[in-house]
Chemist: 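First the structure, which I've put down as C-alpha cells, then a few questions once you've had a look.
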Amino acid sequence: MKKVVNFIKDYWITALICVGFVLLYKYISDHKLFSALMFPPLKGIWESFVEDRDVTVLNLVSSIKLLIPSVAITLAIALGLGVLVGMNSKLRKILHPIIYAFSCVPSILLSPFVVLLSPTFWWASVILIVYGTVWATLFATITGIQAIDKRYLDNAATLELKGMKRFFKVILPAASPSILSGFVNSLRSSFVMLVYAEMYGASHGLGFYVKRYSTLGLYQKVWGGFIFMVLVLVVVMTFFEKIKNRMLKWTIN
C-alpha cells in the first residue's frame, strides 16, 4: 500500500498532464479545429484499437523478431570494436576518425544502397537498424574503457588476469556505467530505425501498420497504432532503465 501511495505522490502531476493531452485532443476533434480526417473522434480511435487488437499483437511480434537480432548484433559490434579501440591507443588514433566520420552519415541516406545490395528486405532492415543504433554504445564503450582507473588494470596484471577473465572481471564491470548509458540511448534509436524500416517495405510490423492506414486515410487506425507504439516504447525503456540503475548500483557497491 505504501508503494502505491508513493507512486501516486510522485506521478499525480504526470497523470494530470496526460489527461490534459487527451482532453485537448478531444476539444480539437469535437470542434474540428484541424482536419477532421486526421483528428477523428476518440470513440473511433478506441473502437479501431479494440477491433485490430489481434493484428496489433501480431505486428508487435513481427517487430520484436526484427528488433532482437538487430540489438544483439549492435551489442556484439559495439563491445567488440569498442574494447579493441578503447584499450589500444595506437588503434584508437587510426580508427577513431573513421568511426566518427561513418557515425555522421545518416542511415536513411544509405537505405537505397542497403536495400539493393542485401539478399532480403529483412537483412536490409537489420543492417539499417544496426547502423543507425550502434554508434551510441560504441562511443560509450570506448569512453568507458578509457576512463577505467589504471589501478584496476595494474591489479589485473598483478593477478595475471588475461583474455576473457580480464574482460569480464575487470574491464566490463569498470566500464559498465558508460556502456549501459550508451546502450539505453541506442535502444531509443533502434525503435526509430525499426519504424522507418517497417514503414518502407515490410509486410508486417508496427511501422507497417501505421504507414498502411495513413496511406489509406484511416487515421483512427493510425492513431491507435501510434498510441500502442508509444506505450510499448515507454514500457521497454522503463524496463531497461530499471535494469541499468540496478546494475549501476551493483557496480558501485
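Heavy atoms only: backbone and side chains are in, while hydrogens, waters and symmetry mates are out.
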Chemist: Excluding sequence neighbours, so at least two apart, what forms side-chain contact (heavy atoms from CB on, under 4.5 Å) with Gln146?
Modeler: Arg92, Ile142

Chemist: Tell me the salt bridge (charged side-chain N to carboxylate O under 4.0 Å, His left out) pairs involving residues 66-81, sequence neighbours left out?
Modeler: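 For residues 66-81, and leaving out neighbouring residues, there are no salt bridge (charged side-chain N to carboxylate O under 4.0 Å, His left out) pairs at all.
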
Chemist: When the side chains of residues 20-35 are checked against the rest of the protein, which donor-acceptor pairs come out under 3.5 Å, sequence neighbours left out?
Modeler:
residue: Tyr25; atom: OH; partner: Pro40; partner atom: O; Å: 2.6
residue: Lys26; atom: NZ; partner: Asp30; partner atom: OD2; Å: 2.7
residue: Ser29; atom: OG; partner: Phe39; partner atom: O; Å: 3.3
residue: Ser29; atom: OG; partner: Pro40; partner atom: O; Å: 3.3
residue: His31; atom: ND1; partner: Tyr27; partner atom: O; Å: 3.0
residue: Ser35; atom: OG; partner: Leu37; partner atom: N; Å: 3.3
residue: Ser35; atom: OG; partner: Met38; partner atom: N; Å: 3.4

Chemist: Has Ser103 got a side-chain atom pairing as donor or acceptor with Tyr100's backbone, closer than 3.5 angstrom?
Modeler: yes

Chemist: Got a list of side-chain donor-acceptor pairs under 3.5 Å for residues 109-122, not counting sequence neighbours?
Modeler:
residue: Ser111; atom: OG; partner: Ile108; partner atom: O; Å: 2.6
residue: Ser111; atom: OG; partner: Tyr196; partner atom: OH; Å: 3.1
residue: Ser118; atom: OG; partner: Val114; partner atom: O; Å: 2.6
residue: Thr120; atom: OG1; partner: Trp123; partner atom: N; Å: 3.3

Chemist: Which pairs pass salt bridge (charged side-chain N to carboxylate O under 4.0 Å, His left out) with one or both residues in residues 215-233, sequence neighbours excluded?
Modeler: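 The answer is Asp52-Lys221.
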
Chemist: The criterion is ring-ring contact (aromatic ring centres under 6.0 Å, His included); which residues satisfy it with Phe191, sequence neighbours excluded?
Modeler: none

Chemist: Taking side chain to side chain donor-acceptor pair (under 3.5 Å) as the test, write out the residues that go with Ser190, two or more places apart.
Modeler: none

Chemist: For Thr141, enumerate each residue passing the side chain to side chain donor-acceptor pair (under 3.5 Å) test, keeping only those at least two apart in sequence or located in another chain.
Modeler: none

Chemist: What pairs of residues pass the salt bridge (charged side-chain N to carboxylate O under 4.0 Å, His left out) test when at least one of them lies in residues 106-133, not counting sequence neighbours?
Modeler: none

Chemist: Which residues satisfy the ring-ring contact (aromatic ring centres under 6.0 Å, His included) test with Tyr219, sequence neighbours excluded?
Modeler: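 None.
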
Chemist: How long is the span from the OH atom in Tyr131 to the CZ atom in Phe102, to the nearest 0.5 Å?
Modeler: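 Going from OH on Tyr131 over to CZ on Phe102, the span is 6.0 Å.
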
Chemist: Measure the OG-CH2 distance between Ser214 and Trp223 for me, rounded to the nearest 0.5 Å.
Modeler: 12.5 Å

Chemist: With sequence neighbours left out, which residue pairs that include part of residues 36-48 fulfil the side chain to side chain donor-acceptor pair (under 3.5 Å) condition?
Modeler: none

Chemist: Please tabulate, for the side chains in residues 59-84, all donor-acceptor contacts under 3.5 angstrom to protein atoms that are two or more places apart in sequence or on a different chain.
Modeler:
residue: Asn59; atom: OD1; partner: Gly205; partner atom: N; Å: 3.1
residue: Asn59; atom: ND2; partner: Val55; partner atom: O; Å: 3.2
residue: Ser63; atom: OG; partner: Asn59; partner atom: O; Å: 3.1
residue: Ser63; atom: OG; partner: Glu198; partner atom: OE1; Å: 3.2
residue: Ser63; atom: OG; partner: Glu198; partner atom: OE2; Å: 2.7
residue: Ser63; atom: OG; partner: Leu206; partner atom: N; Å: 3.1
residue: Ser70; atom: OG; partner: Leu66; partner atom: O; Å: 2.7
residue: Thr74; atom: OG1; partner: Ser70; partner atom: O; Å: 2.8
residue: Thr74; atom: OG1; partner: Thr133; partner atom: OG1; Å: 3.3

